[in-house]
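Have a look at the structure below, then the notes.
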Amino acid sequence: QLQASGGGLVQAGGSLRLSCAASGRTLSSYTMGWFRQAPGKERAFVAAISWSGSSTYYADSVKGRFTISRDGAKVYLQMNSLKPEDTAVYYCAADPVVSRMSTSALEYDYWGQGTQLTVSS
């Protein structure tokens with residue numbers, strides 16, 4: 001069970017950090033990803049990080065503004081220079097196949113419940 005937290009309401013240009021933790025297990029054996037879903041839209045890839053933390057990958061829309069990181073117990077998404085179009089429910093997800101960093105939600109087996117980010121203009 002993954003638990004995402006840290007969402008909220010922030011003004012455009014502001015920053016926020018999301019966290020994702022697992023109850024009862026470590027996340028160190030998984031590739032971790034963040035996805036987001038805006039109203040009326042499909043769930044979209046945001047960022048992924050390898051099990052070791054040595055590799056990261058970002059959607060073009062967040063590159064240079066968002067940073068994914070991890071320690072043994074949690075995964076984080078630092079979001080800077082936020083824009084109204086970043087408004088969405090953000091989900092963390094875990095992929096047990098550590099040899100890949102997929103942008104497809106279908107390849108992540110475990111999901112958190114989501115945390116809402118609203119960016120006001």
Side-chain angles (χ1 to χ4, degrees):
Q1 185 79 12
L2 299 178
Q3 185 84 18
S5 61
L9 174 63
V10 63
Q11 287 189 331
S15 299
L16 208 64
R17 189 177 80 159
L18 304 182
S19 298
C20 176
S23 57
R25 67 174 67 205
T26 177
L27 297 177
S28 59
S29 300
Y30 299 88
T31 294
M32 296 299 298
W34 285 97
F35 291 76
R36 66 187 181 186
Q37 188 165 18
K41 295 187 177 181
E42 294 187 352
R43 194 167 296 189
F45 171 78
V46 175
I49 188 166
S50 62
W51 68 273
S52 65
S54 60
S55 298
T56 57
Y57 189 73
Y58 297 93
D60 287 344
S61 58
V62 306
K63 201 173 294 182
R65 300 188 298 120
F66 290 12
T67 302
I68 188 172
S69 62
R70 68 188 303 164
D71 58 29
K74 291 187 177 181
V75 178
Y76 306 95
L77 187 68
Q78 177 66 43
M79 305 181 292
N80 299 327
S81 301
L82 284 163
K83 305 175 181 180
E85 51 263 44
D86 294 319
T87 295
V89 177
Y90 283 72
Y91 299 88
C92 60
D95 180 0
V97 181
V98 296
S99 59
R100 68 187 177 198
M101 284 201 298
S102 176
T103 61
S104 171
L106 296 175
E107 294 184 336
Y108 288 78
D109 289 352
Y110 307 103
W111 291 83
Q113 85 290 357
T115 185
Q116 174 72 48
L117 168 68
T118 302
V119 183
S120 63
S121 57

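Any value given below was found using the heavy atoms of this structure, including those in side chains, with hydrogens, waters and symmetry copies removed. Here, residue 1 is the first one in the sequence, and each next residue gets the next number. Nothing here was measured: the structure is a model prediction, and the numbers come from that model.
Shortest non-hydrogen contact noted between Asp71 and Lys74 is OD1-N, 2.7 Å. The heavy-atom pair separating Leu2 from Cys20 by the smallest distance is CB-SG, 4.1 Å. Contact detail for Leu77 and Ala47: the closest heavy-atom pair is CD1-CB, 4.2 Å. Of all non-hydrogen atoms in Met101 and Thr31, the two that sit nearest each other are CG-CG2, 3.9 Å. Here the closest heavy-atom approach between residue Leu16 and residue Gly8 is recorded as CD2-N, 3.8 Å. Heavy-atom minimum distance, Asn80 versus Ser15: OD1-OG, 2.9 Å.
Here Gln78 contributes atom CD and Ser19 contributes atom OG; the two are 9.5 Å apart, rounded to the nearest 0.5 Å. Note that the CE atom of Met32 and the OG atom of Ser50 stand 12.0 Å from one another [nearest 0.5 Å]. The structure places CZ of Phe35 at 4.5 Å from CH2 of Trp111, a figure rounded to the nearest 0.5 Å.
Between the Tyr108 side chain and the Ser102 main chain, a donor and an acceptor come within less than 3.5 Å of each other. Counting only distance, with no hydrogens or angles, the side chain of Arg43 and the backbone of Tyr91 share no donor-acceptor pair below 3.5 Å. Put simply, the side chain of Gln113 gets close to the backbone of Ala4: a donor and an acceptor are under 3.5 Å apart. Checked by atom type and distance alone, the side chain of Arg70 pairs as donor or acceptor with a backbone atom of Leu27 at under 3.5 Å. Thr87 places a side-chain N or O within donor-acceptor distance of the main-chain N or O of Val119, the cut-off being under 3.5 Å.
Between Met79 and Arg65 there is no side-chain heavy-atom pair separated by less than 4.5 Å. Looking at heavy atoms from C-beta onward, Arg36 lies out of side-chain contact with Leu18 at the 4.5 angstrom threshold.
Val89 and Phe45 fall within a single hydrophobic cluster, where Ile, Leu, Val, Met, Phe, Trp and Tyr are joined by side-chain heavy atoms under 4.5 Å apart, directly or via other members.
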*Evaluate the side chain to side chain contact (heavy atoms under 4.5 Å, CB included) criterion for residues Ile68 and Val75: first the C-alpha distance (whole Å), next the side-chain angles of each, then the deciding distance (0.1 Å), finally the verdict.*
CA-CA 7 Å; Ile68 188 172; Val75 178; 4.1 Å; yes
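Using bins of under 30°, 30° to 60° and over 60° for the plane-to-plane angle, the ring pair Tyr90/Phe66 lands in the tilted bin. Taking the six-membered ring where tryptophan is involved, the planes of Tyr30 and Tyr110 are perpendicular, since the angle between them exceeds 60° and thus also 30°.
Under the side-chain contact (heavy atoms from CB on, under 4.5 Å) test applied with Tyr58, the options Thr103, Val46, Thr67 reduce to a single match, Thr67.
The environment of Lys41 atom NZ is sparse: at most 12 non-hydrogen atoms of other residues, nucleotides or ligands sit within 6.0 angstrom. Annotation for Gln1: atom CD does not count as buried by contact number, only 12 or fewer foreign heavy atoms lying within 6.0 Å.
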